[in-house]
Enquirer: 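Here's a structure for you.
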Amino acid sequence: MASSRTSWADVADAEPAPPPPVTTTAPAAALAPAASNGPARSSYVPPHLRNRSSSAAPPPSSSAGILSRPGAGPSTFGSAAGGGGPGPGTFGGGGRPRGGPRSWDREPDPFANSDPPLPPAGATAPDGTPFEDHQNTGINFDAYEDIPVETSGREVPPPVATFAEIDLGEALNENIRRCRYVRPTPVQRHAIPISLAGRDLMACAQTGSGKTAAFCFPIISGIMRGPPAGRPQRGGGMGMRTAYPSALILSPTRELSMQIHEEARKFSYQTGVRVVVAYGGAPITQQLRDLERGVDILVATPGRLVDLLERARVSLQSIRYLALDEADRMLDMGFEPQVRRIVEQMDMPPPGVRQTLLFSATFPKEIQRMASDFLENYIFLAVGRVGSSTELIVQRIEFVQEADKRSHLMDLLHAQRDTGKQTLTLVFVETKRGADSLESWLCMNGFPATSIHGDRNQQEREYALRSFKSGQTPILVATDVAARGLDIPHVAHVVNFDLPNDIDDYVHRIGRTGRAGKSGLATAFFNDNNSSLAKSLAELMQESNQEVPAWLSRYAARPSYGGGGRNRRSGGGNRFGGRDFRNDSSSFGKGGSRGGGDYYGGSSSGGYGGSSSYGGGGYGGAGAPSAWD
DNA sequence: TCAGTGA
């Protein structure tokens, strides 16, 4: 992926991995990191980067995909594939010697993070905690134990307690070790056995609870032990240069796809499984080259994938695994037509033939109903209170009129600055214009800020994210493009400068903090414009043991004058669709035609009131410590 | 309405 000066945590994570081939061949010229092509505001050098003469910081202009597998020259893929070989496109890895180290000894080490200089000993992360505390091993796994779990569907495979119990294969186990994952998170404990059993899955788990690994591990493992490759049907071939991935992972934003790709590459290291990412806004040529060199797992955003499909550079006929991350978003109004086109109107095998895995932290019932079109005899899994947030995130709601928002934000930032701690603050706004204007206003007022939104070009977006993660620009103003999935360690404070219209978006936004078992703070500015959100907001806060201001309760009690339309989700108790819609007597989705009723009754472990079948009951302080998304 | 996703 884009070589990035990633987060501090990433640096820490990379440390123990195989002796990083630290090629610190930085010419002195590369030292002025920000000076070359990047956006102007870059003369500021964060403390931990100062006085480092040997840093190999890449020019910030480095575009996506520049990490072009150095030295992976004409590998066995290139020749096998391009050489006018047998049938149409064997790029899927047809003749690839899987697992043979032979073709892989030049695979770049995804655990090596050569660009960010290692912090000096005793360095501290922006929140002031020592580096060592930011490793995954520092997570309080015990807090996971009491998480409520609900499963429903037929013959649900039992969960596992350790990675060792699962036969993922030696290479994958080694990568898990390299990632320092000691024990599976709750969603992983349940989802991995289900997926390995070949079952379709709809999984809800809190933000940052390890969902990416939960769907990546079974996919990688399945590809490794599966048939040699997606051998396209004879005659079904699209052309010499068509790629035939075995797995497709879709996500709603480019940056999230990049992140999934980076993680999947770590998990796939030296397994022979090739992961390629494709998203818009970046030159397509590098992505095409990557595809030509062979792809088993394709991570993509919908728009670019449609482009590739139209060009016949990708065929989905060999797909064995389909995963939708942020699945509820992928199936909502904006994305649904495109996703339906990809999944239903191209050459992808139908449900029951392929395996389909849907993951999100939120899953409204109406979306569940729609999603069942993509699934067959699936298992519904809910880990933690679905759609709720961690109790580790302290939520504050303040009544602030529109006109006062800026000065109020300034107060917050000053207070934070006065603590002396260096922290990252993520500020969400409603519109792209609003993001631009707030960013420049902050900068004018002495707070180094940058912004990310859909009107910025991809280089600017990636640069902004890197600059934020590195602490160079400790304030990031963002639209909802940054609301979901992005794992940005050390975000201590999320400010909802403008509240979203949808409570689910709020859940995802505040989920950018309070990760890795650490606490986080989320402050929201509420005023009359947000009255339609009052009820769901108050309920959410109550569920997460937050203090609900009296004035907000009064708002919530008011009959919402908009007709109350948009946010009701499922009314009553479980607003967030924490239960399988198939168990809802009032829900007649497609499930009806599949048997409905007791057909699915199987092994539901009951509602949230009671204890779960695994892990014991009660919520008591059991907010899901988050480690990864 | 807004946000996101291809040129």
Side-chain angles (χ1 to χ4, degrees), chain A residues 64-65 248-261 277-288 291 298-314 324-343 345-346 360 362 364 367 402 426-439 451-462 464-465 476-486 494 496-509 512 528-533 560 562-563 565-567:
Chain A
L248 175 64
I249 301 173
L250 290 177
S251 96
T253 66
R254 298 163 183 172
E255 287 76 16
L256 184 51
S257 281
M258 293 169 54
Q259 178 182 300
I260 294 167
H261 173 243
V277 67
Y279 53 83
I284 202 170
T285 50
Q286 182 60 45
Q287 292 171 10
L288 290 174
L291 288 168
L298 177 59
V299 184
T301 49
R304 179 53 64 91
L305 177 59
V306 167
D307 191 356
L308 292 167
L309 291 167
E310 283 173 351
R311 297 176 188 224
R313 297 299 294 261
V314 170
L324 302 190
D325 200 7
E326 309 297 344
D328 58 332
R329 171 66 102 207
M330 302 305 288
L331 295 174
D332 79 5
M333 246 182 18
F335 278 114
E336 193 231 354
Q338 258 179 319
V339 172
R340 215 171 259 285
R341 181 170 171 206
I342 292 167
V343 176
Q345 291 163 29
M346 307 301 294
S360 184
T362 51
I367 303 277
E402 286 302 322
L426 180 50
V427 182
F428 282 105
V429 297
E430 186 63 18
T431 66
K432 295 176 278 198
R433 272 191 56 196
D436 280 337
S437 107
L438 184 57
E439 173 202 5
S451 71
I452 185 168
H453 59 71
D455 275 353
R456 303 199 75 187
N457 71 42
Q458 194 53 27
Q459 282 195 353
E460 292 171 326
R461 286 167 58 157
E462 290 174 29
L465 205 50
L476 179 65
V477 184
T479 60
D480 271 331
V481 70
R484 285 174 174 255
L486 294 187
V494 168
N496 275 290
F497 188 89
D498 302 318
L499 273 163
N501 295 318
D502 189 318
I503 190 65
D504 287 346
D505 291 330
Y506 174 83
V507 169
H508 285 274
R509 285 180 178 187
R512 299 314 102 207
D528 281 335
N529 297 334
N530 312 114
S531 54
S532 67
L533 194 66
S560 60
R566 313 210 44 220
N567 292 312

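Protein chains get the first letters and strands the later ones, always in sequence-line order, with residue 1 at the start of each. Every value quoted in this text rests on a predicted model; they were computed, and no experiment measured them.
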Enquirer: Between A:R433 and A:D455, does any side-chain N to carboxylate O distance fall below 4.0 Å?
Expert: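 Looking at A:R433 and A:D455, the cut-off is not met.
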Enquirer: Would you indicate, yes or no, if B:dG4 has its OP1 or OP2 atom less than 4.0 angstrom from a side-chain nitrogen or oxygen of A:T479?
Expert: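 Yes, such a contact exists.
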Enquirer: Between C1' on B:dT1 and CG on A:L533, what's the gap in Å once rounded to a whole number?
Expert: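 A:L533 atom CG is separated from B:dT1 atom C1' by 15 Å.
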Enquirer: A:T301 side chain N/O closer than 4.0 Å to the phosphate oxygens (OP1, OP2) of B:dG4?
Expert: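 For B:dG4, OP1/OP2 do not have a side-chain N/O of A:T301 under 4.0 Å.
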Enquirer: For A:R341, enumerate each residue passing the side chain to side chain donor-acceptor pair (under 3.5 Å) test, keeping only those at least two apart in sequence or located in another chain.
Expert: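 Listed in chain order: A:E310.
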Enquirer: Could you check how far CG of A:N501 sits from P of B:dA3, rounded to whole Å?
Expert: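 Value for this atom pair: 11 Å.
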Enquirer: NA contact type, A:R461, heavy-atom cut-off 4.0 Å: base, sugar-phosphate, or nothing?
Expert: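 Sugar-phosphate, no base atom in range.
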Enquirer: Side chain of A:H453, heavy atoms from C-beta onward: which of B:dG4, B:dA3, B:dC2 has the nearest atom to it?
Expert: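 Of all the options, the side chain of A:H453 is nearest to B:dG4.
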Enquirer: A:R254 has an atom CZ; how far is it from atom P of B:dG4, in whole Å?
Expert: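 The distance from CZ of A:R254 to P of B:dG4 comes to 9 Å, rounded to the nearest Å.
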Enquirer: Rounding to an integer number of Å, can you tell me how far A:R456 CZ sits from B:dA3 C1'?
Expert: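 One finds 17 Å between C1' of B:dA3 and CZ of A:R456, rounded.
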Enquirer: Can you tell me how far C1' of B:dG6 sits from CD of A:Q287, to the nearest Å?
Expert: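 These atoms are roughly 11 Å apart.
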Enquirer: In whole angstrom, give the distance that lies between atom CG of A:D480 and atom P of B:dT5.
Expert: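 Nearest whole value for this atom pair: 11 Å.
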Enquirer: Measure CG/A:L305 against C1'/B:dG4 and give the value in whole Å, please.
Expert: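 Rounding to the nearest Å, CG of A:L305 and C1' of B:dG4 are 16 Å apart.
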Enquirer: Just jot down the side chain to side chain donor-acceptor pair (under 3.5 Å) partners of A:R329, sequence neighbours excluded, or say none.
Expert: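 By the side chain to side chain donor-acceptor pair (under 3.5 Å) rule, A:R329 matches A:D332.
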Enquirer: Given atom CZ of A:R340 and atom C1' of B:dT5, what is their separation to the nearest angstrom?
Expert: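 Going from CZ in A:R340 over to C1' in B:dT5 covers 17 Å.
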Enquirer: Tell me what A:G334 touches on the nucleic acid: a base, only sugar-phosphate, or nothing, going by heavy atoms under 4.0 Å.
Expert: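 Counting heavy atoms under 4.0 Å across all strands, the contact made by A:G334 includes a base.
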Enquirer: Does a side-chain N-to-carboxylate-O contact under 4.0 Å join A:D436 and A:K432?
Expert: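 Salt bridge between A:D436 and A:K432, a charged N being under 4.0 Å from a carboxylate O: no.
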